[in-house]
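Have a look at the structure below before the remarks.
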Number of protein chains: 2
Amino acid sequence: MTYHHGDLRAALLSQARCAVDADGEAGLSLRGLAAAVGVSPNAPYRHFPSKEALLAALSAQGFAELTGRFATCSDQVGTDRLIGYLSAYLGFARENPGLYRLMFGRSLAPLSCDPALGEQSQACFRSLMSLIAAVWDLDETDDRVPRGAAQVWSMCHGAALLDIDQAIAFLPEDRRPTASDLAATIVGGLRP
Amino acid sequence: MTYHHGDLRAALLSQARCAVDADGEAGLSLRGLAAAVGVSPNAPYRHFPSKEALLAALSAQGFAELTGRFATCSDQVGTDRLIGYLSAYLGFARENPGLYRLMFGRSLAPLSCDPALGEQSQACFRSLMSLIAAVWDLDETDDRVPRGAAQVWSMCHGAALLDIDQAIAFLPEDRRPTASDLAATIVGGLRP
DNA sequence: ATTTAAATGTTGACATTGCACACATGGTTG
DNA sequence: CAACCATGTGTGCAATGTCAACATTTAAAT
């Protein structure tokens, strides 16, 4: 191995992503990351000004990936598209619980750490808004679009956490809301 | 001040609650708590086996309070009751952002720390289920009740985070979902 | 090509933290 | 009064984030 790692920044992010999904955000130390990648404890500071900044970069990566998943459903139309987005969202959360938690589990702090994070999360929300605009056939600038998107995001986020968290594990898995359940509620309300 | 504090346990919890709403969960150290209350750094260990356990107890307290807020709306009926619950939920989150984040921001770990936490969070969910059962006029044991409650909780949780987090601060405050908005969606779906 | 500057990685050190141990204190009970 | 035990104190240790000084490699400039 050379003195220079090659692409330490990417290696750290990759390792962090594994670790965060395995041990959760709590069991993630900068020193441990460095050791796992095979560099000295302080090497990460050449690529991230702080641990927060690394976590912020990881979050941004997560938002970008989620936005990408949305994009794959963009060719569908009507309710199918809605269900596609919901499935993509729930699927992402289920497959990357630690990362998902990281993305939404902290407040503004990381935003000021990494402007890219703000950019990516906004892009993600914009993608949601374009979904709403398309489903309702509204102009993107219509005031009702962001309002609707916020509610859809609310439902997604809550359902994703229900799925990830053991906080409500007493609710059997087959009773947790599915993408179709959410879509039905959005379209026609919640009914018995 | 006497050698014995009197009710150190309660004092610690109270102080922790202030600190968590002020500085967030990150800026909360056992040692700092002890200092703020005026005892030695290790005194808390006589009342909580670990930091996690203290946080778990605080969470449990939060769930109990939230359940209490639900109870004050129990005399209302129909949609009014639904709106009451939603307002209570959003109000609690807005008034105690740090605590709310603590309650929902961690996975199962605290549950195993403090059985009371599991008990309280379950009681909270049961309260939500009884709301659903009443609004829909269903038997409490009906399978559709927990499913509906899970969806309502999803919406509440997402909306609460939208309100608390600056992660989507770019959404103007007056466009964020209100309790009435959520109620309308639940009753009749999300419409433009 | 040689020199020089910038980028990257290493080492040592320090403050903070959660936590474990042994010990001190003081109210309670026989 | 004496013994006990819950409660609080002190010391100490390992892990962690971060800073400062130094080493090495690569790239740029002359």
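Proteins come first, then strands; the chains are lettered A, B, ... in the order of their sequence lines, and each starts at number 1.
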### Message
In this structure, how many angstroms lie between the P atom of dG26(C) and the CG atom of L8(B), rounded?
### Response
16 Å
### Query
For the pair made of CG in L55(A) and P in dG17(D), what is the distance, rounded to whole Å?
10 Å
### Query
Can you get from M155(B) to I83(B) by hopping between Ile, Leu, Val, Met, Phe, Trp and Tyr side chains that sit under 4.5 Å apart?
no
### Within the 6.0 Å centroid threshold, strictly below: W153(B) and F104(B)
yes
#### Entry: Reference residue V145(A); test side-chain contact (heavy atoms from CB on, under 4.5 Å); the match among L138(A), L128(A), D139(A)
L138(A)
#### Entry: Pairwise side chain to side chain donor-acceptor pair (under 3.5 Å) hits with a residue in residues 91-100 of chain B, at least two apart
R17(B)-N96(B), R69(B)-E95(B), Y89(B)-Y100(B), R94(B)-D163(B), Y100(B)-H157(B)
### Query
At what distance, to the nearest 0.5 angstrom, does CG of L66(B) lie from CE of M103(B)?
5.5 Å
### Task
Ignoring backbone atoms, establish whether H47(B) has a side-chain N or O less than 4.0 Å from OP1 or OP2 of dA6(D).
no
### Task
Hey, which sits more toward the 5' end of DNA chain D by its nearest nucleotide, R46(A) or P41(A)?
P41(A)
### Whole-Å gap separating P (dT16(D)) and CD (E52(A))
17 Å
Tabulate protein N/O versus nucleotide N/O from nucleotides 16-18 of chain C, keeping only pairs under 3.5 Å, one per line.
{"from": "dG18(C)", "atom 1": "OP1", "to": "L30(B)", "atom 2": "N", "distance (Å)": "3.0"}
{"from": "dG18(C)", "atom 1": "OP1", "to": "K51(B)", "atom 2": "NZ", "distance (Å)": "3.0"}
{"from": "dG18(C)", "atom 1": "OP2", "to": "L30(B)", "atom 2": "N", "distance (Å)": "3.0"}
{"from": "dG18(C)", "atom 1": "OP2", "to": "R31(B)", "atom 2": "N", "distance (Å)": "3.3"}
{"from": "dG18(C)", "atom 1": "N7", "to": "R31(B)", "atom 2": "NH1", "distance (Å)": "2.5"}
{"from": "dG18(C)", "atom 1": "O6", "to": "R31(B)", "atom 2": "NH1", "distance (Å)": "2.8"}

### Task
Measure from CZ on F48(A) to P on dT16(D) and round the result to the nearest Å.
19 Å
### Message
Taking the six-membered ring for Trp, are F63(B) and F92(B) closer than 6.0 Å centroid to centroid?
### Response
no
